[in-house]
Amino acid sequence: MNSFWGTCRQKHWLSGNLPKSLGKKHRRRPSIVLLALFLASSALTIGLAPNNQATAQYAPVATSSSNPWQYASFPVENFQQYTSGFGPRRAPTAGASTFHNGLDLAAPLGSYIRNWWHGTVVEMSDHTGCGTMVRIQSGAWQHTYCHLMGRVEVHQGQRYLVDRQGGIVLQQGQQVVAGMRIGRVGMTGRTTGPHLHWELRHNGVLVDPALVLQAMYGGAT
């Protein structure tokens, strides 16, 4: 486990202070190993549709015998530190829940956010505590990105997330590949500073994103 975090710090984008959910007590839980094996069994591969657009193809096999997460992308550029982990916490702002459904990743205002896994944009909004938000469906997985810059606009009946300064135009229903820039770190909604709130669900059940990152970067060994 220590080698995992050492590798992450060397790669810079996983350096910084770890939230309690990534602490020593959490690392001892055998569920990390079980989750890594479970996640590997539901990996994705990329294919091409007849119109040559990239699509997500879902298969119950690992994409690689050594790393089933080779196509996954860390969600934040210019990552600084984790500021709030998954689980119970003291609400940072009025109206915020005392159970944190995701993982907060701090980065400078305007840093680009990358799509974690190939999928389809199924929802977007800009009127809740989540601020400007995008939700993407990847098979049984659903990943949500909150507090983005920009806003949701409707043109000819189609919904778009628009961040003109950042060059982002994302359409609801659009297919997006892993690593694609889908937004920028902002301060919309209820937030005390610039960060991405990243939330994961599998078949509708919340999953701690820290466990997924550990599986992606070898933390289960």
Asker: Roughly how far apart are I113 CD1 and N78 CG, rounded to 0.5 Å?
Answerer: 11.5 Å
Asker: Going from SG on C146 to CG on N101, what distance comes out if it is rounded to the nearest 0.5 angstrom?
Answerer: 9.5 Å
Asker: Passes side-chain hydrogen bond (donor to acceptor under 3.5 Å, both in side chains), T132 versus R151? Steps please.
Answerer: CA-CA 6 Å; T132 299; R151 63 179 184 176; over 6 Å; no
Asker: Please determine whether side-chain contact (heavy atoms from CB on, under 4.5 Å) holds for the pair D126 and T188, giving the CA-CA distance in whole Å, both sets of side-chain angles, and the decisive distance to 0.1 Å.
Answerer: CA-CA 8 Å; D126 60 6; T188 56; over 6 Å; no
Asker: Where is the tightest heavy-atom contact between A106 and T83, given as atom of each residue plus distance?
Answerer: CB-CG2, 3.6 Å
Asker: Between CD of Q142 and CG of L206, what distance do you get to the nearest 0.5 Å?
Answerer: 9.5 Å
Asker: Using a strict cut-off of less than 4.0 Å between a Lys/Arg side-chain nitrogen and an Asp/Glu carboxylate oxygen, indicate whether D163 and R184 qualify as a salt bridge.
Answerer: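 Looking at R184 together with D163, the answer is yes, because their closest N to O distance falls below 4.0 Å.
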Asker: Is T191 reaching over with its side chain to a backbone N or O of G193, donor-acceptor style, under 3.5 angstrom?
Answerer: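 The answer is yes, because a donor-acceptor pair under 3.5 Å joins these two groups.
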Asker: Can you measure from CG (L105) to CH2 (W198) and round to the nearest 0.5 angstrom?
Answerer: 7.5 Å
Asker: Check each of F74, Y71, W141 against W116 using the ring pair (Phe, Tyr, Trp, His ring centres under 6.0 Å) test, and report the only one that passes.
Answerer: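 Looking at F74, Y71, W141, the match for W116 under the ring pair (Phe, Tyr, Trp, His ring centres under 6.0 Å) is W141.
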Asker: Does a salt bridge link R159 with E153, judged by any charged N lying under 4.0 Å from a carboxylate O?
Answerer: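 Looking at R159 and E153, the cut-off is not met.
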Asker: How long is the span from the CD atom in E123 to the CD atom in Q137, to the nearest 0.5 Å?
Answerer: 10.5 Å
Asker: Does a side chain donor of either Q172 or Q158 reach within less than 3.5 Å of an acceptor in the other side chain?
Answerer: no
Asker: Quick one: are R135 and M124 in side-chain contact, heavy atoms under 4.5 Å?
Answerer: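 A side-chain contact under 4.5 Å is absent here.
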Asker: Does the pair V207 and V212 meet the rule for a side-chain contact (heavy atoms from CB on, under 4.5 Å), with working shown?
Answerer: CA-CA 8 Å; V207 174; V212 172; 4.0 Å; yes
Asker: Start with the C-alpha gap between E77 and R181, add the side-chain angles, then the distance that decides, and say whether side-chain contact (heavy atoms from CB on, under 4.5 Å) holds.
Answerer: CA-CA 10 Å; E77 296 183 17; R181 286 175 168 177; 2.9 Å; yes
Asker: Nearest 0.5 Å, what's the CG-NE2 distance between L103 and H197?
Answerer: 9.0 Å
Asker: Do M180 and W117 sit in one hydrophobic cluster, given that two such residues count as connected whenever their side-chain heavy atoms are within less than 4.5 Å of each other, even indirectly?
Answerer: yes
Asker: Assess the side chains of S138 and H143: does a donor N or O sit below 3.5 Å from an acceptor N or O?
Answerer: yes
Asker: Checking the side chain of H147 only, and the main-chain atoms of H195 only, is there a donor and an acceptor separated by less than 3.5 Å?
Answerer: no
Asker: Membership question, hydrophobic clusters at under 4.5 Å side-chain separation (ILVMFWY): are V134 and M149 in the same one?
Answerer: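 Looking at the clustering, V134 is in a separate group from M149.
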Asker: Report whether V152 and I136 are members of the same hydrophobic cluster (ILVMFWY, side-chain heavy atoms less than 4.5 Å apart, transitive linking).
Answerer: yes
Asker: Applying the 4.5 Å side-chain criterion to the ILVMFWY set and letting contacts propagate, would M133 and Y145 be lumped into a single cluster?
Answerer: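 M133 and Y145: separate clusters.
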Asker: Can you name the closest pair of heavy atoms from A178 and S73 and give their distance?
Answerer: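 Looks like C-CB, 4.4 Å.
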Asker: Is a donor on one side and an acceptor on the other found under 3.5 Å between the side chain of N115 and the backbone of V177?
Answerer: yes
Asker: Give the C-alpha distance, both sets of side-chain angles, the deciding distance and a yes or no for side-chain contact (heavy atoms from CB on, under 4.5 Å) between L161 and L148.
Answerer: CA-CA 10 Å; L161 184 150; L148 279 58; 4.0 Å; yes
Asker: Mind listing the closest non-hydrogen atom pair of P108 and V185 along with its distance?
Answerer: O-CB, 4.0 Å
Asker: May I ask you to decide if C130's main-chain N or O and T128's side chain share a donor-acceptor pair within less than 3.5 Å?
Answerer: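 Yes, the answer is positive, given that a donor and an acceptor are paired below the 3.5 Å cut-off.
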Asker: In the single-linkage hydrophobic clustering (I, L, V, M, F, W, Y; side-chain heavy atoms under 4.5 Å), do M187 and I182 co-cluster?
Answerer: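 Looking at the clustering, I182 is in a separate group from M187.
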Asker: Using side-chain heavy atoms (C-beta onward) and a distance below 4.5 Å, is R201 in contact with N203?
Answerer: no
